[in-house]
Amino acid sequence: MACERTLSILKPDATARNITGKINAKFEEAGLRIVAQRRTRVTREEAEQFYAIHKERPFFADLCSFMSSGPVVAQVLEGEGAIKKHRDIMGATNPKEAAPGTIRAEFSLSIDENTVHGSDSAETAAEEIRFFFRETEIVG
Ligand code: CMP
């Protein structure tokens, strides 16, 4: 399997509860390496741009309000098959459907406050990484 990079976001419900270290421990234990990381607060406009693919969905407005409601930690994870591995560790989008032991099963409050975001394909990963980081900020 190829070495990949994926974008990970620890959402405002994770920073509010001070559980970013617990979440990152799970990524690192699974062999993923944090090769870039920035704690930031996205504006509503940035959230709308980042999630533009969902702009017709009924949850879009709430999603953008939530993502701009507090600090997030944006990071690039690197490793073998990182995109799928990251998604497997996160669990299903809806925490009620997430498998035991996954981050969303363990920590998420609801489908909206679902603690983490991860890129869903190689194309999306490249785009989402560019949204937050310059190539020189990623140090493998
Ligand atoms: P995320 O992986 O960040 O991608 C889009 C987010 O929209 C998703 O996680 C959820 O937090 C949120 N969301 C809210 N309702 C839904 C829904 N019905 N389907 C998918 N995503 C949803």
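Along the sequence shown, residues are numbered consecutively beginning with 1. Numbering of ligands and ligand atoms starts at 1, following listing order. Everything numeric here is computed off the predicted structure, so don't read it as measured data.
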Next item on the list: Report yes if I111 has an N/O atom closer than 3.5 Å to an N/O atom of ligand 1; otherwise report no.
Entry: yes

Quick test: of every protein heavy atom, which one is nearest to [atom], and how far off is it to 0.1 Å?
| atom | answer |
| --- | --- |
| atom 7 (O) of ligand 1 | F59 CE1, 3.4 Å |
| atom 4 (O) of ligand 1 | Y51 CE2, 3.6 Å |
| atom 6 (C) of ligand 1 | L63 CD1, 3.7 Å |

Margin query: I want to check something: taking the side chain as every heavy atom from C-beta on, are N24 and Q75 in contact at a cut-off of under 4.5 Å?
Written below: yes

Notebook entry, point to check: Quick one: are F50 and L63 in side-chain contact, heavy atoms under 4.5 Å?
Noted result: no

Item checked: Atoms of ligand 1, numbered as shown, that sit under 4.0 Å from any heavy atom of R104 -> 2 (O)

Next item on the list: Mind jotting down which residue pairs meet the salt bridge (Lys or Arg N to Asp or Glu O under 4.0 Å) criterion with at least one end in residues 98-127? Sequence neighbours excluded, please.
Entry: K26-E106

Next item on the list: Mind checking whether M67 contacts ligand 1 via backbone (N, CA, C, O), side chain (CB onward), both or neither, at a 4.0 Å heavy-atom cut-off?
Entry: neither

Next item on the list: Name the option, out of T93, D120, D112, that contains the heavy atom nearest to atom 14 (C) of ligand 1.
Entry: D112

Item checked: Heavy-atom nearest neighbour of atom 2 (O) of ligand 1 within options E113, H117, K11, R87 -> H117

Margin query: Would R17 and F107 count as a cation-pi pair here, with the cationic atom under 6.0 angstrom from the ring centre and within 45° of the axis?
Written below: no

Check: With distance as the sole test, does S119 use its side chain to make a donor-acceptor pair with the main-chain N or O of L7 at under 3.5 Å?
Finding: yes

Notebook entry, point to check: Should K85 and E78 count as an ion pair when the cut-off is N to O under 4.0 Å?
Noted result: no

